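Shown next, in structure tokens, is the structure this report addresses.
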Amino acid sequence: MCYTGLFRRIIPFVLTFAVGLFIASFFVPIGLPNANWRGGRGMNKFHEMQQLRIENDDLREKNRALQLQIDELKSRTDNWDSDLDNVGELPLVDLDEHKPPPPPPRRPKHPGFE
């Protein structure tokens, strides 16, 4: 007789738990976790760090190549200054020629506001 009260409480719990697992299985895979999860995470982290090092080395190399290209272009522009001396004198622009635009027209008076 004592066990009937116990079954009345356990059976609804077990059934509810089973239904909950069934519904959760649609959204999350339910199963035992991988036994080798620590080793896998460490290897993934190692490969990720190695990939980041390689990427950093590539970026440093590209940065160095671009810096060399910038230095080369700067040395070419230094020669332009000597070329401009041979061109002759540039015409001067008279700033008084350029007058400011006329002021905007006055706003017309509205007949309703007089």
Side-chain angles (χ1 to χ4, degrees):
M1 293 283 182
C2 235
Y3 296 113
T4 58
L6 186 64
F7 286 129
R8 285 184 183 170
R9 290 180 185 216
I10 290 178
I11 291 177
F13 172 76
V14 171
L15 290 175
T16 306
F17 186 74
V19 169
L21 282 178
F22 178 72
I23 292 172
S25 68
F26 292 123
F27 303 106
V28 179
I30 298 175
L32 295 176
N34 190 359
N36 196 9
W37 63 276
R38 284 189 180 181
R41 184 185 299 164
M43 292 302 287
N44 287 341
K45 196 170 190 179
F46 172 75
H47 288 298
E48 183 179 346
M49 292 299 289
Q50 191 174 14
Q51 186 178 3
L52 287 174
R53 283 189 189 111
I54 292 170
E55 187 177 341
N56 281 341
D57 291 341
D58 290 343
L59 289 174
R60 280 191 193 104
E61 182 62 31
K62 286 181 184 178
N63 191 11
R64 190 183 65 77
L66 288 174
Q67 192 64 41
L68 289 174
Q69 187 178 5
I70 288 172
D71 292 341
E72 181 183 339
L73 290 174
K74 281 183 181 178
S75 68
R76 287 184 187 176
T77 57
D78 291 341
N79 297 336
W80 286 1
D81 292 337
S82 63
D83 292 342
L84 286 178
D85 293 338
N86 298 335
V87 170
E89 194 168 320
L90 297 174
L92 296 176
V93 176
D94 187 18
L95 295 178
D96 293 335
E97 282 181 17
H98 303 289
K99 297 179 183 175
R106 296 182 98 181
R107 212 164 114 193
K109 294 184 179 180
H110 296 288
F113 294 115
E114 289 181 15

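Please read these numbers as outputs of a predicted model, since none were measured by experiment.
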Could you pull out all donor-acceptor pairs under 3.5 Å where a side-chain atom in residues 52-63 meets a protein atom, sequence neighbours excluded?
{"from": "Asp57", "atom 1": "OD1", "to": "Arg60", "atom 2": "NH1", "distance (Å)": "3.2"}
{"from": "Glu61", "atom 1": "OE2", "to": "Arg64", "atom 2": "NH2", "distance (Å)": "2.8"}

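- Surrounding CD of Gln50 are more than 12 heavy atoms belonging to other residues, nucleotides or ligands, all under 6.0 Å away.
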Taking distance alone, no hydrogens or angles, what donor-acceptor pairs closer than 3.5 Å link side-chain atoms of residues 7-24 to residues at least two apart or in another chain?
{"from": "Thr16", "atom 1": "OG1", "to": "Pro12", "atom 2": "O", "distance (Å)": "2.7"}

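- Rounding to the nearest 0.5 angstrom, the gap separating the CG atom in Asp71 from the CG atom in Leu66 is 11.0 Å.
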